[in-house]
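Since the structure comes first, as structure tokens, the remarks are kept for the end.
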Amino acid sequence: MAGSLGNQSLSTSETAYVQARRSQVIPQALKTYLSNVEATNVTLPSYVSSILSGSSSETPNFGIATSGGGYRAAIFGAGVLNALDGRNASSNSAGLGGLLQAATYTTGLSGGSWLLTSLAQANFPTIQELVFGYPNATVDNALNGGKVPRWFPVTLADFWARVLARHFVNGTFSSNFFDESYAHGAGILFSSLAQSESFASYTTPFPILVSDISSPGQNTSNIIQGDFVPISNPLVEFNVYEMGSFDPMLSAFTPTKYLGTTNNSVCITNFDQLSLVAGTSSEVFNEYNLTNTISSTLGSVLSLLNSLLPESGIELDSAPYPNPFYGVAPGTFLSSNQTYLTLLDGGEDGQAIPLQPLLVKARGVDTILAIDANFDVTNNFADGSSLIATQNRTTMLSSAYSFPPVPTSLGEFTAQNLSTRPTFFGCNVTSANETTPLLIYLANGGPPHNGEASVTNTSTTQVAYDSSQIQAMLDQAFVIATQGYPASSNMTTDPEWPACLACAIVDRAGERAGQTRSGSAVDAKSGGEAIVTSPRVGWVLTLAVAIGIWASV
């Protein structure tokens, strides 16, 4: 159970993992990061160096959120993580290397969930290894099995999961892509990642995926225009140990290992297929009303699905999960009396960046890097709408969550170019919002400042990427992550960006230690809000896979 409102609690397994990572891994990662920042010849305030070196009693609690947006988001997010990876010499030279290793949590939804599950099941390799494969790699067919026992409903989400598995889960190569004698990721369970080498050594940030719930009787007046799920509906999060929600209308969790089990049945296992969980977080077929479309135009497909369904009334364009919370919180949880939970893409309520798990007060996250590669405007760039949606939702649930002030309209984001440069929200801390994280917003909002034509604003509906296009997108995402906000048009990077980012990473830890911002950490003000942009101014997948998991032929 998540605990009653105001008394949230984490599972003992998550608590133990996070404590071990924060004591055994993150201190050295922060020292490495500090060394890389200092190597760029910037000047850091002494307290920033003290915190990063481990000389302070306070340590940052850093989380990274990777947005939805299909393959574009998966690639852009991968490029940003690559820029933060201390195993990457270019990242170290740019002064950002080590931040990925210093993160406590990573969250993902939709395309971002593909990236995180792919990283986790592959034992947290470098991005280049993940995307393009290892030298002399061989097909791994050690794990086999199917999705679930046949008495569970089969919908488009299951077919989608099998597609995702061929692209983001180990075991598929161009040579065996259509060979059904291989498992293609079937049998790899989300909960089984807890036994992986990277988890056993605490070397991977704790991953969390997000999905929306569609409920009977939901308040449709709370649906943001153009979206599909009310922001007042509970969000579901998946981690390797638990699935559930901290939202006060549910506030309950169930073991991930026993998904498929209801609270009045024998325990079921093997439901939590890794690709199914990622497919659930990216289940957008309801947006096209495919249940009715299939009924009217694809009769043979419908007949096949109906032959696999054990009962009527199942939405074919959703991900149905046997309801582990049946009978829980009937006065507030609208799906309490439903046999199946109807789960959908985690961004269908307008929150395409999975920030909610990082706002859970029991987790104590104090700094969040929000990577936004969603498609918000006509040229396939992000425009900040996800932050506005999260602000609106946390206002509705203010007793459970707090969120730093962001502009209330897209016009403000556009007028201030906040999606085309790294932007900090929540710099001002008072006794009323001292548990509110500092938000670092990094969007795929425009071309880089070096004059390159943009290659990262591909369509969400693009169905094929070759290796050269993926590499170009990864490279440009790296540039966007490391460029900062150049002070003039004849500059391609901001030389103070590494220092500015380091100050943001430790800002809340510095507050707890009683430190006053100085030097690069002094914030600029815009419109009465603390918005820092610089120390100066302050789903479709590819159709074939080549050597690695993502690259297509």
Side-chain angles (χ1 to χ4, degrees), residues 66-81 108-116 118 127 131 156 159-160 163-164 166-168 224-228 278-279 281-290 293 317 344-354 370-387 389 410 413-414 419-420 442-448 452-481 539-546 549-553:
T66 56
S67 81
Y71 215 131
R72 176 190 62 251
I75 299 172
F76 185 84
V80 174
L81 295 190
L109 66 79
S110 200
S113 76
W114 309 342
L115 169 62
L116 293 193
S118 192
I127 294 299
V131 177
L156 290 169
F159 291 91
W160 179 234
V163 172
L164 288 175
R166 279 171 159 80
H167 295 271
F168 292 96
I224 298 171
Q225 184 177 2
D227 293 312
F228 300 87
S281 181
S282 56
E283 211 294 332
V284 298
F285 299 111
N286 64 298
E287 296 181 11
Y288 306 99
N289 195 23
L290 290 185
T293 300
D317 50 11
L344 303 170
D345 182 287
E348 289 202 15
D349 60 355
Q351 298 183 98
I353 310 174
I371 305 169
D372 189 0
N374 193 36
F375 160 48
D376 296 325
V377 290
T378 55
N379 54 5
N380 297 320
F381 286 122
D383 66 1
S385 61
S386 293
L387 296 187
L410 295 180
F413 269 93
T414 302
S419 61
T420 62
L442 183 66
N444 180 35
E452 291 179 0
S454 181
V455 299
T456 58
N457 60 327
T458 56
S459 171
T460 309
T461 60
Q462 181 168 333
V463 299
Y465 288 77
D466 62 30
S467 298
S468 61
Q469 184 177 18
I470 294 174
Q471 186 64 66
M473 293 175 68
L474 290 172
D475 290 344
Q476 191 163 93
F478 181 97
V479 170
I480 291 171
W539 58 251
V540 183
L541 299 181
T542 59
L543 299 180
V545 174
I549 299 173
W550 297 356
S552 68
V553 294

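Along the sequence shown, residues carry numbers from 1. Below, each value reflects all heavy atoms present in this structure, side chains not excepted, and no hydrogens, waters or symmetry copies.
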How far does [atom1] of [X] sit from [atom2] of [Y], to the nearest 0.5 angstrom?
X      : Y      : atom1 : atom2 : result
Ser281 : Leu116 : OG    : CG    : 9.0 Å
Phe76  : Asn444 : CZ    : CG    : 4.5 Å
Trp114 : Ile75  : CH2   : CD1   : 10.0 Å
Met473 : Ile480 : CE    : CD1   : 9.5 Å
Leu474 : Ile127 : CG    : CD1   : 7.5 Å
Asn374 : Asn380 : CG    : CG    : 10.0 Å

Looking at [X] and [Y], what are the two nearest heavy atoms and their distance?
X      : Y      : result
Gln469 : Thr458 : NE2-CG2, 3.6 Å
Gly77  : Ile371 : CA-CG2, 4.3 Å
Ala389 : Gln351 : CB-CG, 3.9 Å
Ala370 : Ile353 : CB-CG2, 4.0 Å
Asp466 : Ser468 : OD1-OG, 2.8 Å
Pro354 : Ser67  : CD-CA, 4.0 Å

Could you check whether the rings of Tyr71 and Phe168 sit parallel, tilted or perpendicular, using 30° and 60° as the cut-offs?
->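 Plane angle between 30° and 60°, so tilted.
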
Measure the shortest side-chain to side-chain distance between [X] and [Y] over non-hydrogen atoms and say whether it is less than 4.5 angstrom.
X      : Y      : value
Pro447 : Glu452 : no
Thr460 : Arg72  : yes
Thr66  : Val80  : no

Please determine, by modelled atom types, if Asp345 and Ser110 share a side-chain donor-acceptor pair under 3.5 angstrom.
->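 Asp345 vs Ser110: donor-acceptor pair found between side chains.
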
